[in-house]
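Please read the structure below before turning to the comments.
All values below were derived from every heavy atom in this structure, side-chain atoms included, with hydrogens, water molecules and symmetry-related copies excluded.
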Amino acid sequence: MLTHFPIVQPDELLGSLLTRFIKQHGLINDKVALDMLFGNRKVVPSALLQGHIKELLEHIGHIWLASPEQVIKSHTLLPIFKPFIPRQRYQEIMNNLIVGTTNSSSLRTGMNAGLLMWPSTYQVCPLCLKKQRDTLGFYYARRLFQCAGVEACPKHHCLLVSTPIAIQSEHRHQFTGLPWQLDISLIAQIAEPKLCQLACLIEDLFNYSSDTLSYLQWSCYFRHLALSQQLMKGNRIDHEKISSAVRDYWGDQWLTKQGLELKKQNSWLLAMFRKHRRSFSYLQYFVVCLALDKNKSTLDRFLHQVANTPNATEPEPSLVIPVKQADMTNYQNEWLQLMRSNPDASLKILRSYREGARLYTWLYRHCLVWLEGNKPAAVKNYVNNRVNWHQRDLSFVKQLLKLEWSLICQLKGPRRSKNWYSKQINQLNRMLNKLNLLPLCSLFFDRYSESVEEYQTRRLACVMDHLLDKKDYLRPVCEIERDAGLSRQRSRQPAREILRLDIPAWQRSSLVSSECPVDRNRQNQE
């Protein structure tokens, strides 16, 4: 059981806190650190949205007295998405962070596939960093400064500085955070007022406690905003004026840097002022409101306006007129008769007839379930010939073979799995997702990709090769196992057999040969 854990700092990222724990304990092996914190060596760290909260608190909950909900609210980026996504999805994401076996929060919040350009390295405020050094003696990463769109400190009104430390490590199971010392410039530069105001709005999102807002409320608010700012063309919204106003306020360079470019004809801004059918990011909402709202309202006032926009009420359900069973039977019989008279016709051809269009429309409105089971099967006659997969297969396998020949005499290096080979030729997603269309690459992987057993034996061979060069024949087996990065719990059967039988036999033979040297000159004379 752990007896020490770092003191939690305000607004500190959970990943930064766990990194400080690992440094204080002097842990070098990532899997050992995961075992101590989570009791699970397969946890994949996420600096911004760390999952497996329940497993973490089971190991440190006696030191850090906090509930899983408090940890998520105070030390992850999830709260900034709360007002802009449906309530059910937000609760599902929170449950996934607490008890989920796999962390899908980055995908479900839109961080992975969204438009926003999230920082790739940690961002810090120079003045906040000086205060941390003077008062605490160490640095920690604030979650506000790692949000997309935040370029200024709302407290000191200065620009943030990018550090060389990556937010997501190249190693799959390694936590990242700020080191004890940072070799960066601590000279503060004054930020523009609009950047400071944007940072203040995003900071207020972390403390927002009201419920989520519906798509209908957002749709009505943006229409009301266009009306109040006279951005209309008759009864329609003037999207060109809105786009010009946003571009003039923020500038094309800043918008492109954030991933919110507006030079395309069908941009995200056009969809925001139409009927909302999906969620947008917090930065998209704030960019539009700060550019168009002359009052430059605070977060509470802004979200209060959205919630109380006129006509932002759910529409009443329309009155459903019951259909007589006799009429339904007649329409169904006529539709079946039409299908029997045209046995080879597709659904598109049947609907092109005047009588077929009338029957299909009525049945679609009143008995859709029956219609789905009584219509012609879809005709799939499209063949995708855009890619010559044979030529691509030959190109990929040539690169893989060239790579394999360059590594044939090398014992060092990571495990040579399918993913590793694909990464080396920069074709990870394209190759593994279409492996059924690449038979030569599939054969290459079957022959050359390493299993865990083969990788462990290669690591042992690498250690033994190093010992042979040093003529260190009597190294204890336990030290050889440790130098190879193995343990009794994780070693597979082939590696255990080598450690138990082969290496001791080799050491005995080497010892005998060294104790009984052969006089070669005498042997030649005889």
Side-chain angles (χ1 to χ4, degrees), residues 5-22 33-34 37-38 40 43-61 64-114 116 118-124 140-150 165-169 173-178 199 201-210 212 279 281-283 299:
F5 194 74
I7 298 176
V8 183
Q9 301 300 322
D11 197 47
E12 182 179 9
L13 274 174
L14 181 57
S16 172
L17 176 64
L18 299 181
T19 303
R20 290 200 290 119
F21 167 84
I22 293 171
L34 293 176
L37 289 168
F38 299 91
N40 184 356
V43 173
V44 179
S46 176
L48 306 181
L49 291 169
Q50 178 60 49
H52 301 268
I53 304 297
K54 183 180 179 181
E55 295 180 3
L56 176 65
L57 294 180
E58 286 176 354
H59 288 76
I60 65 172
W64 185 13
L65 302 177
S67 65
E69 291 77 12
Q70 290 175 342
V71 173
I72 293 174
K73 183 179 179 180
S74 303
H75 302 285
T76 69
L77 296 192
L78 186 60
I80 64 176
F81 301 97
K82 183 178 180 180
F84 312 107
I85 60 177
R87 182 189 313 169
Q88 182 180 358
R89 194 202 305 177
Y90 182 83
Q91 191 61 43
E92 290 174 355
I93 297 173
M94 180 177 287
N95 293 336
N96 177 256
L97 290 178
I98 296 174
V99 297
T101 55
T102 57
N103 188 356
S104 61
S105 56
S106 298
L107 184 64
R108 300 201 64 182
T109 54
M111 293 178 64
N112 287 353
L116 299 187
W118 292 82
S120 58
T121 58
Y122 282 104
Q123 297 188 117
V124 296
Y140 67 89
R142 289 191 58 188
R143 57 177 177 168
L144 171 65
F145 298 155
Q146 322 314 323
C147 295
V150 178
I165 298 95
I167 292 179
Q168 191 66 35
S169 173
H173 298 285
Q174 185 180 43
F175 284 95
T176 61
L178 298 182
L201 285 175
I202 299 175
E203 185 180 30
D204 293 340
L205 276 177
F206 289 112
N207 301 318
Y208 180 73
S209 57
S210 300
T212 58
S279 303
S281 66
Y282 65 92
L283 187 59
L299 179 68

Kindly compute the distance separating [atom1] ([X]) from [atom2] ([Y]), expressed to the nearest 0.5 Å.
| X | Y | atom1 | atom2 | answer |
| --- | --- | --- | --- | --- |
| M94 | I53 | CE | CD1 | 10.5 Å |
| Q168 | T121 | CD | OG1 | 13.0 Å |
| Q70 | S67 | CD | OG | 3.5 Å |
| L49 | I93 | CG | CD1 | 8.5 Å |
| I202 | L77 | CD1 | CG | 10.5 Å |
| L116 | T109 | CG | OG1 | 10.0 Å |

**OP:** Output, in order, the C-alpha distance, side-chain angles, deciding distance and verdict of side chain to side chain contact (heavy atoms under 4.5 Å, CB included) for I80 and F206.
**Re:** CA-CA 6 Å; I80 64 176; F206 289 112; 3.3 Å; yes
Indicate the atoms forming the closest heavy-atom contact of [X] with [Y], along with that distance.
| X | Y | result |
| --- | --- | --- |
| A148 | L283 | O-CD2, 4.0 Å |
| W118 | C147 | CZ3-CA, 3.8 Å |
| G177 | I165 | O-CG2, 3.6 Å |
| L299 | L201 | N-CD2, 3.4 Å |
| I98 | I72 | CG1-CD1, 3.6 Å |
| A199 | L144 | O-CD1, 4.1 Å |

Subject >> Carboxylate-amine/guanidinium proximity below 4.0 Å for R143 and E203 >> reply: no
Subject >> Sub-6.0 Å ring centroid separation between H75 and W64 >> reply: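 Centroid separation for H75 and W64: below 6.0 Å.
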Please answer whether the main-chain N or O of [Y] pairs with a side-chain N or O of [X] as donor and acceptor at a distance below 3.5 Å.
| X | Y | result |
| --- | --- | --- |
| Q91 | Q88 | no |
| S16 | E12 | no |
| N103 | Q50 | no |
| H173 | L34 | no |
| Y122 | T176 | yes |
| R20 | I7 | yes |
| N96 | S104 | yes |
| Y282 | P83 | no |
| Q123 | Q146 | no |

Original post:
Just wondering, more than 12 heavy atoms not from R87 lying within 6.0 Å of its CZ?
Top reply: no
Original post:
Which of parallel (below 30°), tilted (30 to 60°) and perpendicular (above 60°) describes F38 and F175?
Top reply: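 If you compare the ring of F38 with that of F175, the planes turn out parallel.
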Original post:
What do the steps show when you test L13 against T76 for side chain to side chain contact (heavy atoms under 4.5 Å, CB included), and what is the final call?
Top reply: CA-CA 6 Å; L13 274 174; T76 69; 5.9 Å; no
Subject >> Trace of the side chain to side chain contact (heavy atoms under 4.5 Å, CB included) decision for L78 with Y90 >> reply: CA-CA 9 Å; L78 186 60; Y90 182 83; 3.7 Å; yes
Original post:
Going through the checks in order, is the side chain to side chain contact (heavy atoms under 4.5 Å, CB included) test met by T102 and V44?
Top reply: CA-CA 9 Å; T102 57; V44 179; over 6 Å; no
Quick one: are [X] and [Y] in side-chain contact, heavy atoms under 4.5 Å?
| X | Y | answer |
| --- | --- | --- |
| E55 | V43 | yes |
| P45 | S169 | no |
| K82 | P79 | no |

**OP:** For F21, check ring-ring contact (aromatic ring centres under 6.0 Å, His included) against everything at least two apart and list the hits.
**Re:** F5, H25
